[in-house]
Each structure stands twice: as C-alpha cells, then as structure tokens.
Amino acid sequence: MEREYHVCTGCALLCDDIELREEENKTIIDSACRKGVAWIKNCQHPLECTVDAKDATSQDAIEKAAEILKSAKNPLIFGMGNSSLKAQEKAIELAKKSNACIDDTSSFCQGPFVEAILNDKIKSCTLDEVRDKADVIVYWGCDPSNSHPRHLSKYSYFPRGRMRQRGWEEDRTAIAIDVRKSDTAIICEDNFYRIPPKADAEFARALTEALSGKVPKVTFGMKPKEILELANVLKKAEFGVIFAGLGLVYSMHDLSPMEDLLEALNKKTDFHLMPMVGQYNMRGFNHTLFDQTGYINRVSFDGEDIGHGPQYSVVEVLKEKRVDAALIIGSDPLSSLPGSIAANLKEIPTIVIDPCKTFTSQIANVTIPSAVTGVECKGEAIRMDGVKVELTQMRKSDKMADADIIEKIMEAI
Amino acid sequence: MGFDQFLSSPEMEILIITHRDIFQSAANSDSRFSDDYANLTAIIRLDKQDMKKAGLKEGNLVTIENSAGKVVVKALQSTYEEPHPGTAYMVNGPWVNALVSAETSGTGVPAFKYIEAKMKKSKESSITSFE
Amino acid sequence: MANAMEIYQLLPKTNCKKCGKSSCMAFAAALLSRENKLDECTPMLEEEKYSENYTKLKGLISPAEEASETGMIVHEELCIGCGNCVVACPVNVAEDPKGAGSGNAPTNERVILKVEDGVVRLSNVEDCRRFGENKILCSGCIVTCPTKAIEFV
C-alpha cells in the first residue's frame with residue numbers, strides 16, 4: 001500500500017514524513033514530535049471573526065479591515081512567518097497598495113544570517129546535504145532539541161546518510177557552543193563548550209586565530225589548548241556545518257566574526273552555516289521580499305522609492321509610533337516583542353489574521369480566523385535551508401486560507 | 001555592610017537569559033490562555049545559592065523589576081549541574097518580554113537574551129496576568 | 001530503582017520458601033529481574049504486620065512491573081518525540097534502514113521504537129538487544145535521549 005505522507009508546519013524543519021491514521025474515532029499523528037503534534041491538533045481557543053470585539057461575518061470583518069488600511073496613512077503589515085508563499089506574496093502586494101511598512105520576525109531574529117546567505121556572503125547548504133555528508137556539526141547558541149526537535153534525528157546527527165553509513169558514533173562529531181548546558185549540549189557530551197553571555201564574537205575570533213596558527217586568547221577562563229583542539233576538529237572536517245541560533249545572533253554587533261571564521265575554515269575544508277529559522281515559512285517571506293525588492297525585511301512602500309533599514313523595523317516603527325494602523329498575520333507581537341513596544345499596538349487600529357486566539361487578537365479591532373496552512377489548507381513554503389516544500393492538507397476545514405483573506409481585503413480596498 | 005543581610009528576603013541583582021522549551025511551545029500552540037501555558041512560561045529558574053540568598057523556597061513568587069517593566073513570576077531551582085550564581089533562566093514569552101528594554105540604539109533588535117533586573121520575594125498572591 | 005538489598009530489608013526475612021525461592025534474598029533478586037512478582041510472597045499479602053512494608057515495596061517495584069519485558073520504561077511526560085532513539089536503535093536500523101534508520105518515519109511494522117502522537121512507543125520488544133538469551137547491554141536509545149525519558153530497570 002502506498003503511504004500518504006504530510007508535511008508538519010510546526011517549525012521550519014518542515015518534516016515531510018508525517019502520517020495520520022484513525023483509531024477508535026481518534027486521529028493518531030505518526031512521527032511528528034511533541035511540538036509538531038501540538039501544532040497539528042486543533043487549538044483550544046480558535047479565533048472568532050469579530051469587529052470591535054463583537055461577532056461579525058467574515059464579509060463585514062474583511063470590509064472593516066479594508067477600511068482601516070485605506071484610511072491609514074502609513075500602516076504596518078507584520079508577521080507572515082506562519083503563512084504560505086502565496087499569502088506572503090499577497091501581503092507584499094497589499095503593502096504596496098496601502099503605502100505600508102512590511103516586516104517579519106526575522107527583523108529581530110535570524111534576519112542577518114538569511115540576508116548574508118541570499119547575498120552570497122556566507123556559504124550555506126541544505127539539510128539533505130547535512131544528512132548525507134556532514135561529519136562535523138556545530139550547534140552554536142541554539143538548542144534544536146527544544147526548538148526543532150527532530151533536527152538531530154532526521155538530518156544533522158543521528159541518521160545514516162549517503163556518505164555517513166556507519167552511524168553517528170563513528171561517522172559524526174556533534175559540538176555545542178552555548179552559555180548553558182542545553183538538552184542539545186547534553187547529547188554533545190564532552191564536545192560542549194561553555195562560553196559566557198555576549199562572548200560569542202570573541203570566541204569566534206579566537207577560533208579564527210587558532211586556524212591561522214596563532215595562539216588563541218580569550219578573556220574568559222578557557223585554555224588556549226581547548227580552543228586549539230576544537231579548531232583542529234573543525235579543520236579536519238570533510239563537510240562541516242554550523243547551526244546558528246539566536247544566542248549567537250543576539251550576541252554579535254555584526255556578522256564579521258562569523259564571516260571571518262567561515263572564510264578561515266573554507267581555506268582548509270568545506271564549511272557551511274545555517275540559521276535556525278523558527279517559524280515554518282519565515283525564510284519564505286525573506287526570499288519573496290528579496291526577489292521583489294532586494295531586501296529581506298524592514299521595507300517601506302510609503303513614498304516613490306522603496307525604503308529600507310532599521311528605521312522601518314517592526315520594533316522601531318512601533319516604538320516611535322510611526323505607523324497609524326497594523327495588520328498582524330499569524331504572529332503575536334504582544335507575546336514576542338518587548339512589552340512596552342507591543343503596548344503601542346493598543347493605540348492604533350489593529351487587524352489580526354490567525355487560526356487561534358492570541359494576546360494580540362485580544363486587543364485587536366478586527367479579528368479574522370484563518371486555516372492553518374499544511375493542516376487545514378495546502379500551500380508552499382521554504383524550509384529553513386532554502387528548499388521549497390509542498391504542503392498538503394491534513395483535514396477538512398471551512399476556514400479561509402490567509403492568502404484568500406488578504407486577497408479579499410485587497411479587493412475591498 | 002548594608003541592612004540586606006538582616007532582611008529575610010533581600011533584593012538581588014540578576015542577569016536573565018531566555019531560551020526555548022518544547023513543553024512550553026506545545027502549550028503555546030494549544031492555548032495561550034491556559035494554566036499550562038502560564039505554569040510553563042511565568043517561571044524563573046535560579047541557582048540554588050541564589051534561592052537561598054533571596055530567601056526563596058521552590059515555587060515562591062518573586063517580583064522582577066527593571067526600567068523596562070515589572071512582573072511577578074514563580075521561582076524554581078534550576079536543574080543545571082554546574083552552579084550559575086547571578087544568572088537566571090526564563091522561557092521566551094510575554095512575562096520575560098515585559099522586562100526587555102525598548103532601547104535598541106536604533107538597530108531594531110532588542111536585547112531579548114540579556115536582561116538585567118532586580119529580584120525579590122513577592123508580596124503578590126499570583127503571577128502577572130496578560131489576558 | 002531499588003537494589004536487591006533495599007528490597008530484602010523490606011521482606012519478612014523468614015526464608016519460608018513459600019514463593020518457591022530458597023531465601024528472601026533470592027526472592028529479592030528475583031523481584032529485581034522480574035522473574036517473580038511481589039504478590040508471590042503470600043505472607044506479605046496475608047499478614048497484617050507486613051502491610052506497611054508491603055506498601056513500601058509495591059511503590060519500589062511497581063515501576064518495574066509496568067515495564068516491558070526488557071525492563072524498558074518510557075517516561076511519556078518527559079519524552080519530546082524527537083525520535084533520536086528511533087534512529088539510533090540498532091534493531092530499527094537493521095529492520096528499516098531507509099525509514100527509521102535514516103531518520104524518517106518507519107516504513108514497516110518490525111521496528112521496536114516509533115513516535116506516535118508526539119511520544120515514543122514500544123513494539124516488538126522481544127527483538128530488543130537487551131532481551132533473550134544473547135542479550136547485550138545496548139544503550140543506543142538511552143544515550144541519545146536529551147530528556148532521560150527512557151530507562152531500563
């Protein structure tokens with residue numbers, strides 16, 4: 001019997017081997033992790049269709065949303081990390097039409113690395129290459145065991161791959177660099193390097209020095225010998241990869257320490273870096289916007305030229321109160337942004353499109369429920385490694401896809 | 001010498017590092033308004049000695065405050081083998097984000113994973129609510 | 001899990017042989033290896049004076065009695081469903097190299113470990129390398145677990 005596999009949109013790993021089966025009137029989800037299963041199952045509090053906190057028809061809610069965006073001089077469109085590629089394209093189109101600022105969560109997380117990869121400043125690779133070839137794997141400032149639970153088992157450490165047939169004990173070395181002994185660091189055992197907070201750049205520079213034959217020095221208590229040993233392991237890799245987490249991103253002013261380290265490594269071997277993108281299609285938004293504007297995020301369509309820069313980031317425009325309305329798609333800034341900044345959303349008309357109730361939907365003027373892409377409707381997305389993946393529908397739903405909702409808002413404008 | 005040592009619950013300075021937790025992520029997908037989510041998010045994990053210093057028992061409520069904001073969360077002893085005095089851990093969510101400064105020097109990136117704050121045993125009877 | 005001495009301390013220590021073992025110490029060892037069940041010590045069940053110790057022992061041993069025949073216990077509340085054990089298990093690799101052994105969903109029913117509804121589940125435990133006459137102390141699923149959700153007792 002041909003097996004039918006689905007793709008899990010619980011995180012940017014987009015695991016493509018999920019099976020569903022019925023047992024005693026219950027749907028059992030096979031092979032998805034705890035996080036994925038929670039994502040695929042219905043949430044306890046689905047979002048209701050409302051205007052000013054009163055129940056509304058979707059038609060009324062869409063018209064009200066259009067009215068808000070139309071009367072705004074400079075609205076903000078934010079989110080889209082949990083939307084299909086089609087919905088992201090529509091959101092960008094809507095931003096152009098409504099002179100909006102458009103930004104996504106990459107703006108305050110993995111943006112710098114994705115941007116560097118799309119501009120060919122950093123060498124990256126695919127997860128399939130990692131599974132088939134990687135022998136030295138570095139988890140730097142990330143903890144996939146909690147953020148991308150099947151990362152180690154499906155791609156980066158444990159599976160047999162084309163050139164890694166003997167299993168992880170003999171064929172692969174996993175290394176963790178972090179400020180704390182995370183669940184992932186526990187698996188790396190003796191190859192865990194603890195560094196102090198904000199010391200990532202210093203440590204990267206020390207490794208670069210070690211690779212060029214100098215004695216590496218750091219201001220924290222790690223011996224040069226230890227750093228030299230690590231540099232040696234990295235140098236001897238046939239195919240190496242650094243998985244860069246938010247711990248690494250947040251601790252650097254710019255990417256130069258990592259760019260330099262990768263350059264030094266690639267003089268001796270074949271080394272790559274991949275950012276640990278969280279939301280399942282954050283990278284999709286970055287690619288889509290990049291194709292259209294040359295920028296991955298923080299874009300303003302207000303005025304004749306396309307504006308870009310930190311001044312158009314979701315954090316700065318909300319903090320400086322430079323937007324007069326907001327459309328939030330599949331994101332919960334009231335939960336994920338600094339409280340004092342997110343609070344400014346309460347002062348402007350806000351529209352939320354989401355499958356579930358969120359802290360932000362609680363303060364929104366218009367809420368429109370959407371289907372979970374890859375669960376309640378199909379679509380396409382870009383995996384954390386830049387590979388395009390087809391998403392199937394797992395169960396019937398009468399909820400609209402977010403792409404259709406945005407399309408309808410545009411029509412109403 | 002200050003008076004701190006004579007108080008049963010002195011205020012102390014801590015550095016908070018945030019991280020992800022799969023059980024909290026799963027609860028987040030299920031419902032942001034459940035006890036489960038609050039119980040897994042509105043917590044701070046402290047070093048054993050720091051618990052003692054602040055006069056805290058497992059599960060006591062603490063008030064954490066800095067120039068960005070103030071929250072009441074539950075204090076638990078961390079399970080890390082190595083001691084980490086002065087550093088505490090919180091799971092990413094609205095509680096810790098209330099303490100993240102809006103100051104970014106114009107970069108658009110707040111310091112989500114490096115939060116300095118003062119902490120003391122709380123007189124409140126429940127954690128801060130965001131509903 | 002308790003050791004044999006801890007179990008022995010709670011037994012009647014009368015060496016009455018009603019359980020079929022030569023001594024209470026032998027019975028303690030048999031309980032540990034799950035050869036015997038606690039209720040086969042009839043004096044403990046029947047005599048009032050042992051009731052407190054019986055409750056204590058029950059608490060000590062019951063996790064083991066619930067375990068599979070290999071002594072494997074999955075602590076579901078700790079399991080994150082990452083599947084590290086699924087791909088690391090040598091039996092899984094041998095029985096399903098392209099599926100479970102390559103990090104993907106199992107493609108047949110012969111695997112021992114698989115993830116269902118976000119938590120690892122056991123099947124075909126008799127094929128576990130810790131089972132049977134030629135058993136070995138394989139620990140593939142334990143050392144790869146980030147949350148210590150798998151235990152052998």
Side-chain angles (χ1 to χ4, degrees), chain A residues 3 5-6 8 10 13 15-21 23 26-41 127-128 130-132 143-162 164-169 174 182-189, chain C residues 73-124 128-129 136-151:
Chain A
R3 282 169 180 263
Y5 291 116
H6 296 278
C8 174
L13 269 185
C15 293
D16 54 4
D17 57 350
I18 311 303
E19 290 175 279
L20 303 177
R21 69 193 147 85
E23 210 170 77
K26 260 182 63 195
T27 305
I28 311 276
I29 303 163
D30 278 335
S31 298
C33 68
R34 184 181 279 267
K35 186 176 171 177
V37 167
W39 174 264
I40 293 165
K41 284 191 171 161
L127 287 168
D128 304 281
V130 171
R131 185 192 46 221
D132 284 338
D143 178 19
S145 296
N146 280 282
S147 60
H148 303 67
R150 294 182 68 199
H151 194 279
L152 279 74
S153 69
K154 196 161 158 54
Y155 294 109
S156 61
Y157 187 33
F158 295 116
R160 260 78 175 162
R162 206 156 35 82
R164 302 287 163 237
Q165 283 294 320
R166 285 175 302 170
W168 84 97
E169 302 107 314
S182 67
D183 287 341
T184 305
I186 288 172
I187 288 177
C188 297
E189 293 178 16
Chain C
I73 300 178
V74 175
H75 297 285
E76 286 192 9
E77 74 285 2
L78 296 177
C79 178
I80 60 172
C82 65
N84 289 358
C85 55
V86 176
V87 55
C89 170
V91 178
N92 276 18
V93 171
E95 293 290 347
D96 187 21
K98 292 254 161 68
S102 297
N104 294 315
T107 60
N108 64 50
E109 299 303 318
R110 296 190 299 275
V111 294
I112 297 180
L113 296 153
K114 59 182 168 192
V115 176
E116 275 179 26
D117 262 349
V119 178
V120 72
R121 302 233 189 262
L122 305 175
S123 52
N124 311 318
C128 173
R129 302 225 161 146
I136 55 163
L137 273 182
C138 177
S139 59
C141 56
I142 306 173
V143 295
T144 56
C145 180
T147 59
K148 297 191 174 72
I150 298 182
E151 193 182 10

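These values consider heavy atoms only, across backbone and side chains, with no hydrogens, waters or symmetry-generated copies. Below, read A as the first sequence line, B as the second, and so on, with proteins coming before strands; counting in each chain starts at 1.
Remark: C:D117 CG to A:E23 CD distance equals 9.5 Å, nearest 0.5 Å. Distance check, rounded to the nearest 0.5 Å: SG of C:C89 to CZ of A:F158 gives 13.0 Å.
At a 4.5 Å heavy-atom cutoff, the contact between A:I186 and chain C is made by side-chain atoms alone. Both the backbone and the side chain of C:P106 come within contact range of chain A, judged by heavy atoms closer than 4.5 Å. Looking at A:T184, neither its backbone nor its side chain comes within 4.5 Å of chain C, counting heavy atoms on both sides. Proximity to chain C (any heavy atom under 4.5 Å) is shown, for A:Y155, by neither the backbone nor the side chain. Looking at C:V93, only its side chain comes within 4.5 Å of chain A, counting heavy atoms on both sides. With a threshold of 4.5 angstrom between heavy atoms, A:R21 approaches chain C through side-chain atoms but not through N, CA, C or O.
Side-chain atoms of A:S153 come within 3.5 Å of backbone N or O of C:C82 as a donor-acceptor pair. A:D30 contributes no side-chain N or O that, together with a main-chain N or O of C:E116, makes up a donor-acceptor pair within less than 3.5 Å. Side chain of A:R3 to backbone of C:T107: a donor-acceptor contact under 3.5 angstrom is found.
Within a 6.0 Å radius of CD1 in C:I136, more than 12 heavy atoms belonging to other residues, nucleotides or ligands are found. Within a 6.0 Å sphere centred on CD of C:E109, other residues, nucleotides and ligands contribute 12 heavy atoms or fewer.
Among all heavy-atom pairs drawn from A:L152 and C:N84, the shortest one is CB-OD1, 4.0 Å. The two residues A:K154 and C:N104 make their nearest non-hydrogen contact at NZ-OD1, 2.6 Å. Summarising the geometry of C:V87 relative to A:R160, their closest heavy-atom pair is O-NH1, 4.3 Å, with the distance given to 0.1 Å. Counting all heavy atoms, side chain and backbone alike, A:I187 lies closest to C:T144 at CD1-O, 3.5 Å.
Contact count versus chain C (heavy atoms, under 4.5 Å) is highest, among A:I28, A:N146, A:I29, for A:I29.
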